[in-house]
Protein chains: 2
Amino acid sequence: MSQGNSCVSIGRAQARACTVREALDRVGGKWSIGILVAAAKGPVRFTELERQVEGISRRMLTLTLRNLERDGLLHRRVHPTVPPKVEYTATPMALELYESLVALTDWAERHRGAISEARAAYDREHAGQ
Amino acid sequence: MSQGNSCVSIGRAQARACTVREALDRVGGKWSIGILVAAAKGPVRFTELERQVEGISRRMLTLTLRNLERDGLLHRRVHPTVPPKVEYTATPMALELYESLVALTDWAERHRGAISEARAAYDREHAGQ
DNA sequence: CCGGATCCTAAGGGATACTG
DNA sequence: CAGTATCCCTTAGGATCCGG
């Protein structure tokens with residue numbers, strides 16, 4: 001639905017925010033990251049993904065794979081054998097994306113404690129209503 | 001719903017993915033980034049945000065502000081005047097987060113073209129069904 | 001000016017059963 | 001093995017109106 005270049009005609013720092021969302025939209029789903037991580041270390045088969053990405057349903061696995069493939073983040077290779085064999089591989093673009101997420105990982109680890117404290121404090125504060 | 005430390009008991013590289021989602025969950029909403037960007041440059045009032053963050057509804061502005069405040073990313077200061085004046089400011093933690101997103105912004109800009117080409121190619125390929 | 005309360009729609013996502 | 005197809009529920013989010 002949201003195209004890539006809807007970041008024009010804003011004119012402010014909000015254009016920056018829009019560019020960020022551009023990236024987040026491709027990785028924002030519940031399962032995208034888990035799949036990308038699993039596919040980053042080489043070709044992975046459908047069933048392998050189903051096991052490695054804990055809790056994912058067959059349906060969501062298929063859907064997320066299709067989206068990632070469509071965005072050029074995964075490459076899908078079908079081996080015309082019986083039984084069928086399909087391998088998914090992260091593209092260079094996807095690997096770059098994953099490395100860009102390292103900064104985010106660091107941030108999350110550094111502030112994990114502060115965040116839950118902030119939440120606890122907020123909830124305490126707003127307990128009586 | 002999702003607590004902060006649900007990343008244990010996985011044991012694989014998937015724990016990494018889980019940490020990434022930890023960060024994304026706090027910024028994954030449709031409006032969070034836009035609000036943070038606007039609040040990054042100093043105190044902003046409610047109505048200012050309503051104008052700067054284009055397209056946001058009153059309801060979502062309030063909700064997102066509350067969530068960001070609860071996570072310790074925004075500070076809310078109420079001036080007991082008439083009419084009321086409320087200022088929102090990004091906390092240092094939020095500023096760090098924003099800087100961590102720069103890598104993501106760069107990625108989005110670098111691959112913007114490649115992504116839309118990949119989409120076009122995929123859609124062309126899968127046109128006949 | 002800064003919201004809260006209510007109602008409603010749409011999108012995300014889970015469970016399950018079926019198929020080439 | 002690698003998916004489709006269906007059904008259903010839950011959540012995000014928009015529209016609108018009311019209140020301190």
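Below, chain A is the first sequence line, B the second, and so on; all start at residue 1.
Ranking C:dG13, D:dG3, C:dC1 by closeness to the B:R45 side chain, first place goes to C:dC1. Nearest to the side-chain atoms of B:F46 among the listed nucleotides C:dC2, D:dG14, D:dG3 stands C:dC2. The side chain of A:R76 sits closest to D:dA2 out of D:dA2, D:dG14, C:dC1. Relative to the side chain of A:T47, the nucleotides D:dA2, C:dC1, D:dG14 differ in distance, and D:dA2 lies closest. Of the candidate nucleotides C:dG3, D:dG14, D:dG3, D:dG3 has the atom nearest to the side chain of A:Y88. Ranking C:dC1, D:dG3, D:dC1 by closeness to the B:P83 side chain, first place goes to C:dC1. With C:dC1, C:dG3, D:dA2 as the candidates, the nucleotide lying closest to the side chain of B:T62 is C:dG3. For A:M60, counting side-chain heavy atoms from C-beta on, the closest listed nucleotide (C:dG14, C:dG3, D:dG3) is C:dG14.
Minimum heavy-atom separation, B:A23 to A:A108: CB-CB, 4.0 Å. Scanning both residues, B:L73 and B:A94, for their nearest heavy atoms gives O-CB, 3.2 Å. The two residues B:M93 and A:W107 make their nearest non-hydrogen contact at O-NE1, 3.0 Å.
Judged purely by atom type and a 3.5 angstrom limit, A:T91 uses its side chain to pair as donor or acceptor with the backbone of A:G72.
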Notebook entry, point to check: Does the side-chain contact (heavy atoms from CB on, under 4.5 Å) test come out yes or no for B:F46 and B:K85, once each step is laid out?
Noted result: CA-CA 8 Å; B:F46 188 89; B:K85 175 177 179 180; over 6 Å; no

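Contact check for B:D123 versus A:R70: side-chain heavy atoms found under the 4.5 Å cut-off.
One can find a donor-acceptor pair under 3.5 Å joining the base of C:dG13 and the side-chain atoms of A:R59.
Neither side chain, B:H75 nor B:E87, offers a donor N or O lying under 3.5 Å from an acceptor on the other.
Rotation axes derived from the C1' atoms of the five outermost pairs at either end of the helix from C:dC1-D:dG20 to C:dG20-D:dC1 lie 50° apart, to the nearest 10°.
Going from atom CD of A:E48 over to atom P of D:dA2 covers 8 Å, rounded to whole Å. The distance from atom CG of B:L63 to atom P of C:dC2 is 17 Å, rounded to the nearest whole Å. Remark: C1' of C:dA5 and CZ of B:R58 are 14 Å apart, rounded to the nearest angstrom.
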